[in-house]
Amino acid sequence: MAQSDPVLFGVDNRVALITINDPARRNALTGESSAQLRAAVERAEADPEVHAVVVTGAGRAFCAGADLSALAAAGAGAAESGLQQLYDGFMALGRCTLPTVAAVNGPAVGAGLNLALAADVRIAGPGALFDPRFQKLGLHPGGGATWMLQRAVGPQVARAALLFGMRFDAESAVRHGLALSVADDPVAAALKLAAGPASAPRQVVLATKASMRATASPGSLDNDDHEFAMRTELGPQVSSIQSPEFAERLAAAQRR
């Protein structure tokens with residue numbers, strides 16, 4: 001795997017480290033990088049020597065969200081399928097049968113926040129910023145954001161974020177339950193945390209996560225709930241992308 005690839009993959013001590021690798025664009029997700037992220041998650045799941053997954057971003061950002069050009073293209077073409085291509089990576093992380101940790105080394109914005117939320121646990125670096133930013137762009141939340149954020153922080157704080165624009169720095173993320181802890185080196189802290197499942201029998205790890213999914217909301221699996229939320233949000237998000245207001249805000253954001 002070349003160091004110039006959009007997504008890097010490595011395994012050490014039974015832990016897969018997946019790195020979104022586009023620091024010049026603050027690791028914004030494109031259809032290509034999202035597909036590679038999904039492939040990396042599936043590669044980890046398929047490897048019997050991998051017991052846990054850590055996801056992070058190269059450089060100073062975790063993930064700046066969906067690439068604005070890719071969003072515009074989704075609005076201009078087959079919007080639902082285009083959006084789902086952008087969702088591929090974090091939906092795969094959300095479905096992952098292995099324990100997952102997001103090492104949030106910098107801003108996690110929009111779809112980047114979705115990526116962080118899709119992990120089982122989040123470790124925040126000192127420069128972490130969890131920012132929905134959907135409403136600021138005139139964009140309806142997508143990718144299951146409404147469900148994931150309410151699950152992470154509860155309805156009131158989720159509504160403060162998605163309806164009122166509340167953002168979370170590292171300390172407030174921990175205070176509200178959005179992150180587990182703050183670490184100067186979030187990747188090292190995430191790898192240390194992942195050493196737990198790495199040292200346990202893989203089948204026990206898989207079965208424990210499966211049981212937690214089944215008992216979180218008896219009668220359904222939590223990844224089924226995520227899928228339902230993503231599909232519920234899809235129509236309103238497409239409508240918001242196709243509105244003149246979004247086009248104006250997108251153009252202004254691209255000029256900055």
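The first residue in the sequence is number 1, and the count goes up from there. Only a predicted model underlies this, so the values are computations on that prediction, with no experimental measurement involved.
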So CZ of R95 and CD of E45: to nearest 0.5 Å the spacing works out to 8.5 Å
Measure the spacing between CZ of F168 and CG of L129 and express it to the nearest 0.5 Å. 10.0 Å
Compare every heavy atom of F62 with every heavy atom of N105, then report the nearest pair and how far apart it is. OD1-CA, 3.4 Å
Distance (rounded to the nearest 0.5 Å) between T19 OG1 and N27 CG: 9.0 Å
Write down the atom of V153, the atom of A158, and the distance for their closest heavy-atom approach. CG2-N, 3.5 Å
Where do P132 and M166 come nearest, in terms of heavy atoms and distance? CD-O, 3.6 Å
For D222, what residues pass the salt bridge (charged side-chain N to carboxylate O under 4.0 Å, His left out) criterion, not counting sequence neighbours? R151, R213
Return yes if some donor-acceptor pair links the side-chain N/O of T30 with the main-chain N/O of S33 below 3.5 Å, else return no. yes
Atom pair CG (L93) and CG (D88), whose distance is rounded to the nearest 0.5 Å: 12.5 Å
The reported gap from OG1 in T232 to CH2 in W147 (rounded to nearest 0.5 angstrom) is 12.0 Å
Does any N or O in the side chain of S240 come within less than 3.5 Å of the main-chain N or O of H140, such that one atom is a donor and the other an acceptor? yes
Below 4.5 Å, heavy atoms only, C-beta onward: do Q237 and L83 meet side chain to side chain? yes
Let me know which of N114, L234, L29, L115 forms a side-chain contact (heavy atoms from CB on, under 4.5 Å) with Y87. L234
What's the spacing between Q84 CD and M230 CE if we round to 0.5 Å? 4.5 Å
May I ask you to check whether over 12 heavy atoms, not counting those of D47, lie within 6.0 Å of atom CG? yes
Test side chain to side chain donor-acceptor pair (under 3.5 Å) on T146 and E233 and set out the steps. CA-CA 8 Å; T146 56; E233 295 165 357; 2.4 Å; yes
Considering only heavy atoms from C-beta outward, does the side chain of V101 approach that of V55 to under 4.5 Å? no
Main-chain N/O of A52 paired with R14 side-chain donor or acceptor, under 3.5 Å: no
